[in-house]
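Before any comments, here is the structure.
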Amino acid sequence: MRFVADLHIHSLYSRATSKASHIASLAAWARIKGVHVLGTGDFTHPLWLQQLQEALQPVEGGFFCLKETVKRDFSSLLQSDVSTEPIPTRFVLTAEISSIYKRSGKVRKVHNILFVPDFASAERVNKTLACIGNIESDGRPILGLDSRDLLEILLEKAPDGFLVPAHIWTPWFSLFGSKSGFDRLEDCFRDLSDHIFALETGLSSDPEMNRLVSSLDRYTLISNSDCHSPSKICREANIFETEFDYYSMKKAIKSPCDSEGKQCLTGTIEFYPEEGKYHHDGHRKCGFCCDPYTSSEMSGICPECGKPMTIGVLSRVIELADRKTPVFPAGAPDVYSLIPLAEVLSEIAGVGPNSKTVGRHYVKCIELFGSELNVLLHVSIQDLADNYSPLLAEAVNRVRKKQVIRHAGYDGEFGSISVFHSEEKETLAGKADVLTGKKQRKNKKT
Ligand SMILES: [Zn+2]
Ligand SMILES: [Zn+2]
């Protein structure tokens, strides 16, 4: 069957996460977004693991569903908010480890995601990790454990488990991070490198960037939200077309296209990496931003102040790249670059994505079309126009065609992705309720 999976998230036990990141609310948001399989995150945390054991029961090999008792909380959560299409909500046991250790004379900081098919495996892994460091203080524990040794523990304690390096280009905490990562995967995982078959691109890179690096050709690229609050589920995700269980999903990640040529991992949903805070190079204080090619022509020196610029993620990719244009291996999944629906509605309405207006329209869209992914990917443009709003239809049309306007982030300044040009917005503003097409009454609060 076709299913969407977001496999890297965090619970309320991870630092800087929303208190709402509990199981019922994660399941409810998965429905709203259109996600069928959600990573539990944080299975290394004893309290979270206990809650998972109380709330989940095993179903299809290695997948879990909510027990009836939790389903009730979950339904009440949903009904008070919004009604969605009835899709199955499954969980898969995942955790992220932050490894900080010295290797070849340098401090390395690498995040890795662990996947296991059952609670017994999770418990065995946890027991070993608990002897190495504190796994109780944070849902994403920081351990002085070499990535290679973490992989060894996983392979030994959970033979059906697998490890995927997380958000591999983030500067401070990743496999290829410019500040504390490695130049080659083999330098990180050494003799166990062959057990790595997939990499998480993270919000700061997309497949196009990764496919500039030929040494990554043999790895599947997966995408996950890494969300710290349930409403951010699915800002990145994976689309599968295979049997609905852990083992088939693992197989599809290993070989997106099977031996008979059937595409089992059909696509990934991507955030525009330009939206991140460190995409391009530049200086925020000087208001200067440029792409890596321009910055290397300037030897990385800011033309405004003469000091070295802050170098972004794209530069790091290009540093390790050996191609000028991306080459996708045969059988690579399709890439869908999306803008979160709340951001699209926010742009159209001219108010913040967390505003009441956007919230109201968001709920209406979900009720009409079943899920956020349906709106962004599947509902026909005509249907969106006829049943909701011609402007939203036009916006979604442009998102699907990747006709968006990208302003890259740099030196800590967020980038932005928009659908309409400012002149277009001016003509749209003030004339009618841009979302519903109804005339607005002036000087009256709504
Ligand atoms: Zn991480
Ligand atoms: Zn400067």
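We count ligands from 1, going down the list as the structure has it; atoms in each ligand are counted the same way.
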### Query
Under 4.0 Å between a Lys/Arg side-chain N and an Asp/Glu carboxylate O for Glu241 and Arg2?
no
#### Entry: With sequence neighbours excluded, residues passing side-chain hydrogen bond (donor to acceptor under 3.5 Å, both in side chains) with Asp6
Ser225
### Query
Between CD1 of Ile168 and CG of Asn112, what distance do you get to the nearest 0.5 Å?
11.0 Å
### Query
Which atom, among the N/O/S set of His283, is closest to the Zn ion (ligand 2)?
ND1
### Query
Between Glu424 and Arg398, does at least one N-O distance fall below 4.0 Å, as a salt bridge requires?
yes
### Query
Is there a donor-acceptor pair under 3.5 Å between the side chain of Asp322 and the backbone N or O of Ser214?
yes
### Task
Only pairs at least two apart or in different chains count here, so list each ring-ring contact (aromatic ring centres under 6.0 Å, His included) that has a residue in residues 214-239.
His10-His228
### Query
When you draw lines from the Zn ion (ligand 2) to SG of Cys286 and to SG of Cys305, what angle lies between them, to the nearest 10°?
110°
### Query
Can you pull the ring-ring contact (aromatic ring centres under 6.0 Å, His included) pairs that have at least one residue in residues 181-218, sequence neighbours excluded?
Phe162-Phe197
### Task
Measure distances from the Zn ion (ligand 1) and count the protein N, O or S atoms below 2.8 Å.
3
